[in-house]
Amino acid sequence: MLRLIPKLLAALVAVALLVVGGLAVALPRLVNSDEFRTALHASAAEAIGTPVAWERLDVGIVPLRLTLEAPALEAPVSDLEEARLSADSIELRLSALALVEQKVEVERLVLRGLDLVVTRRPEGLVLPVPPGDPSPGAAPTAGLPSEAPSPEEESGLALALRALVVEDARILLRDRTLARPLDWQLTDFDLEATGDDLEQPLSIDLASRVAANGADAGGLRAEGEVTLAGLFDLVIGLDGIRLETLQPYVSDATLAGRVTGTVDVEGASYVVSKFATDLRVDEMDVSTFGLDLEGGLGLVASQELDQPIVFDATLDLGAQGQADLDGRVGLDGALDAGIVLDELDLVPFAALAGDEMTMAGRASGRVDVAVGASGEITQLETDLRIPDARYRDPSLDLGGDLDLVLGFTGLGPAEPFRFDVALALADAGGRIDAEGTATLEGAIDAKLVLGNVDVAPIAPWIPEGTAVAGRLTGDADLARRADGTIERVSTRLAL
């Protein structure tokens, strides 16, 4: 029995050599026929939408393949720097079973060294393939019935793709809609798409580096399913994408940092029907509306169709404290959010209070805010503890340990807001408990309870011509206009 094994192996090798030899003879004869070459040109033109040329067509046996060397589009493009499409080679992997039946069936398509350039202009995209042009392979031929067989059918050429591979591609997206032109480059671009056939969803795996005007901007990956009809369901991974590369698209903020994480997207064509993000921004440095924020940001967000964006974010400013945010953002920009603060330094946010007010201290507690579509604050609720608070405006300068409850329904100068404040003044200045309403322009209607309070800080409220010093204990009911006029004072005090 053992002596039969070498003979069986020799027989199998002989059969394999016969098959390979037969394919080596049959394949060149098929592909060198005029019918096949015509069908191949027609198939390429029909798939892409414009005629395709190549330098030569090579044949390989293991694996069975056809290789188009240096293919390029023959579409009339006025400027190759704005739009072009070419490749080092296109390899068509063939079915051995189909070849036995004297047919050429493409199962796997491999594009190497793809070079694609697309330009975005204010009037639209400049593409290497004219949009909407009927392809030569799809155009009807005069004098032939509509059911006439195609060149592919006559030659036995068929496309039964189960895999599309793009290796080492170079993709350039030129954006000429900006004041300063920006070139996005996708380098080391690799793509593999697999599926049962082209009518079914294709599973894709994509990886690429990203550069902006030649500077490395990070990496990205994409996995999921797409269809040739335009449907997609993808998970996009971001690896250190630089925020500053997005600066040309942002006019009211300066951005820096690196974004890492995932973005899940579903939709069709250019419409995203659902998305979800789980992102982290490291080395963040953002300046906007007078704020300068440095640290890190974690963001989990999701949205479906025309529904608001739901988000949950953590802002970590290092030594300047932390804020956890959650809420909703409407498609019109309206915001409804809750913010939990953990020893957040208020100094970077002082600019939001305006030029005439300054704030300092570290706040812990909760803030609820609503912002309208035009950017105005329509509601603001706070419940905060600020142990080292400092507040200063043209008429008041106070500091100490502060418990602050505020309720705004708008931030107009004359719009009243409610407050409930407990302040233990610094430097043994006593304690103030106050409750009532006030406006940002200086009006106040409040009840105060004073405990051994140094009256020096409230001297600006005393009518002109009156001087007062000492310490107050008791309670007061006060109404004061924005111009400083005292409307009502009811007191029970010991000075």
Side-chain angles (χ1 to χ4, degrees), residues 321 323 338-347 349-350 352-354 356-369 377 379-462 468 471-482 484 486-495:
I339 308 169
V340 177
L341 308 181
D342 183 7
E343 296 189 358
L344 187 71
D345 190 351
L346 297 179
V347 171
F349 300 87
L352 297 178
E356 296 186 346
M357 290 185 287
T358 60
M359 299 184 300
R362 289 181 172 273
S364 297
R366 183 175 179 87
V367 177
D368 293 286
V369 62
I377 295 179
Q379 186 173 357
L380 178 64
E381 305 279 343
T382 74
D383 186 357
L384 299 174
R385 166 79 174 161
I386 310 173
D388 52 353
R390 188 80 182 184
Y391 173 85
R392 181 181 298 159
D393 66 23
S395 62
L396 192 61
D397 186 353
L398 294 176
D401 293 344
L402 175 65
D403 291 332
L404 179 63
V405 176
L406 295 176
F408 290 81
T409 56
L411 287 183
E415 293 188 66
F417 62 89
R418 58 181 176 81
F419 62 89
D420 188 350
V421 178
L423 174 63
L425 292 166
D427 302 323
R431 178 182 175 89
I432 301 174
D433 292 280
E435 182 179 1
T437 60
T439 68
L440 294 179
E441 62 183 6
I444 187 170
D445 187 341
K447 296 182 183 298
L448 294 86
V449 177
L450 310 177
N452 198 34
V453 174
D454 186 352
V455 299
I458 63 172
W461 291 3
I462 304 302
V468 62
R471 289 179 174 271
L472 283 174
T473 298
D475 56 76
D477 185 354
L478 172 68
R480 174 182 179 268
R481 293 179 182 175
I486 302 295
E487 288 188 322
R488 181 183 77 253
V489 177
S490 175
T491 68
R492 187 175 58 185
L493 300 171
L495 178 60

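This is a predicted model, so every value here is computed, not measured.
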When rounded to the nearest 0.5 angstrom, what is the spacing between [atom1] in [X] and [atom2] in [Y]?
{"X": "L398", "Y": "R390", "atom1": "CG", "atom2": "CZ", "value": "8.0 Å"}
{"X": "F417", "Y": "T439", "atom1": "CZ", "atom2": "OG1", "value": "7.0 Å"}
{"X": "L344", "Y": "L384", "atom1": "CG", "atom2": "CG", "value": "9.5 Å"}
{"X": "Y391", "Y": "L423", "atom1": "OH", "atom2": "CG", "value": "12.5 Å"}
{"X": "E487", "Y": "R480", "atom1": "CD", "atom2": "CZ", "value": "11.0 Å"}
{"X": "R418", "Y": "T409", "atom1": "CZ", "atom2": "OG1", "value": "9.5 Å"}

**E343 backbone acceptor or donor facing S364 side chain under 3.5 Å** = yes
**Prompt:** Do D345 side-chain atoms and V347 backbone N/O form a donor-acceptor pair below 3.5 Å?
**Reply:** yes
Residue pair [X] / [Y]: nearest heavy atoms and the distance that separates them:
{"X": "I339", "Y": "A323", "answer": "CG2-CB, 4.1 Å"}
{"X": "A434", "Y": "L448", "answer": "CB-CG, 4.2 Å"}
{"X": "T473", "Y": "G451", "answer": "OG1-C, 4.1 Å"}
{"X": "E381", "Y": "G407", "answer": "OE1-CA, 3.7 Å"}
{"X": "D433", "Y": "A422", "answer": "OD1-CB, 3.3 Å"}

Are [X] and [Y] side-chain neighbours, meaning at least one heavy-atom pair lies under 4.5 Å?
{"X": "V340", "Y": "D342", "result": "no"}
{"X": "V455", "Y": "L495", "result": "yes"}
{"X": "Q379", "Y": "D368", "result": "no"}
{"X": "L493", "Y": "L450", "result": "yes"}
{"X": "I444", "Y": "F419", "result": "yes"}
{"X": "R488", "Y": "D445", "result": "yes"}
{"X": "F408", "Y": "T382", "result": "no"}

**Message:** So that I can tick it off, tell me whether R362 and D388 are bridged by a salt bridge, with the cut-off set at under 4.0 angstrom between side-chain N and carboxylate O.
**Reply:** no
**Prompt:** Any salt bridge between R366 and D383, counting N to O under 4.0 Å?
**Reply:** no
**Request:** Assess whether side-chain contact (heavy atoms from CB on, under 4.5 Å) is satisfied between V453 and L425, documenting all intermediate values.
**Result:** CA-CA 8 Å; V453 174; L425 292 166; 3.8 Å; yes
**Residue pair V421, I432: steps toward the side-chain contact (heavy atoms from CB on, under 4.5 Å) verdict** = CA-CA 8 Å; V421 178; I432 301 174; over 6 Å; no
